[in-house]
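Below: one structure, written as C-alpha cells.
Computed from a predicted structure; not experimentally measured.
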Amino acid sequence: MPDGLHTHYYNGTTLVTGRHDHRYSGSTSKDPDTMGHTHVMDDFTETSDKHKHHYKIQTGPAIYMKNGHYHCYQGNTDMADEHMHGMNGCTAIS
C-alpha cells in the first residue's frame with residue numbers, strides 16, 4: 001500500500017507502578033505509508049486498581065521488513081491517582 005493510509009494494531013501491559021499494572025490495546029492513527037512516517041496511539045488503559053489512565057504516544061519511524069512494516073513506541077500514561085505508568089513495545093506488522 002505505498003502512500004496509502006493505514007493503521008497498526010497494538011497491545012500490551014504497562015510497567016508496574018504502585019503494585020499494579022494496566023492492559024491496553026487499540027489501533028494507531030491513520031497515516032500515509034511514506035518513508036519515516038509515524039503514528040499516534042491515543043486511548044485509555046483498562047481499569048485496574050479502580051482507575052484507568054489516558055495515554056497519547058507517538059510511535060517511532062517505520063521499520064520495514066519483506067512483508068510490511070511496524071513501529072516501536074515508548075512513553076508514559078497520564079497521571080491518575082497520583083501516579084503514571086511507563087509503556088513500551090512495538091505495533092503489529094502492517
Check: S25 side chain, N11 main-chain N or O, donor-acceptor pair, under 3.5 Å
no

In short, I93 meets N67 closest at the heavy-atom pair CG2-O, 3.9 Å

Could you tell me whether the side chain of C72 reaches within less than 4.5 Å of the side chain of I63, counting heavy atoms only?
yes

Nearest heavy atoms of F44 and Y55, plus distance in Å:
C-CE2, 3.6 Å

Measuring from atom CG of L15 to atom OG1 of T77, what distance do you get when rounded to the nearest 0.5 angstrom?
9.5 Å

Look only at the side chain of T91 and the backbone of H71, and say whether a donor-acceptor pair between them is shorter than 3.5 Å.
yes

Using every non-hydrogen atom in the two residues, find where P61 and G36 come nearest and quote the distance to one decimal.
CB-O, 3.9 Å

Find the distance between CG (D21) and OG1 (T13) and round it off to the nearest 0.5 Å.
5.5 Å

To the nearest 0.5 Å, what is the distance between OG1 (T7) and CE (M41)?
12.5 Å

Nearest-0.5 Å distance, CG of residue D78 to NE2 of residue H85
11.5 Å

Interatomic distance, CE@M87 vs OH@Y73, rounded to 0.5 Å, equals 5.5 Å

Closest heavy-atom pair and its distance - H6, D31:
ND1-O, 2.9 Å

Are H53 and D81 linked by a side-chain donor-acceptor pair shorter than 3.5 Å?
no

Can you check whether H8's main-chain N or O pairs, donor with acceptor, with T28's side chain at less than 3.5 Å?
yes

Please verify the inter-ring angle class for H69 with H39; under 30° counts as parallel, over 60° as perpendicular, anything in between as tilted.
parallel

What about Y70 and Y10, same hydrophobic cluster or not, with Ile/Leu/Val/Met/Phe/Trp/Tyr joined at side-chain heavy-atom distances under 4.5 Å?
no

Reported CG-to-CG distance for the pair L5 and D33, which is rounded to 0.5 angstrom
10.0 Å

N/O donor-acceptor pair under 3.5 Å between T17 side chain and M84 backbone
yes

Working note: Y24 + T14, criterion side chain to side chain contact (heavy atoms under 4.5 Å, CB included); need CA distance, chi angles, decisive distance, verdict.
CA-CA 8 Å; Y24 61 89; T14 65; 4.0 Å; yes

Please report the closest heavy-atom contact between H22 and T47, naming both atoms and the distance.
ND1-C, 4.3 Å

N/O donor-acceptor pair under 3.5 Å between H20 side chain and G18 backbone:
yes

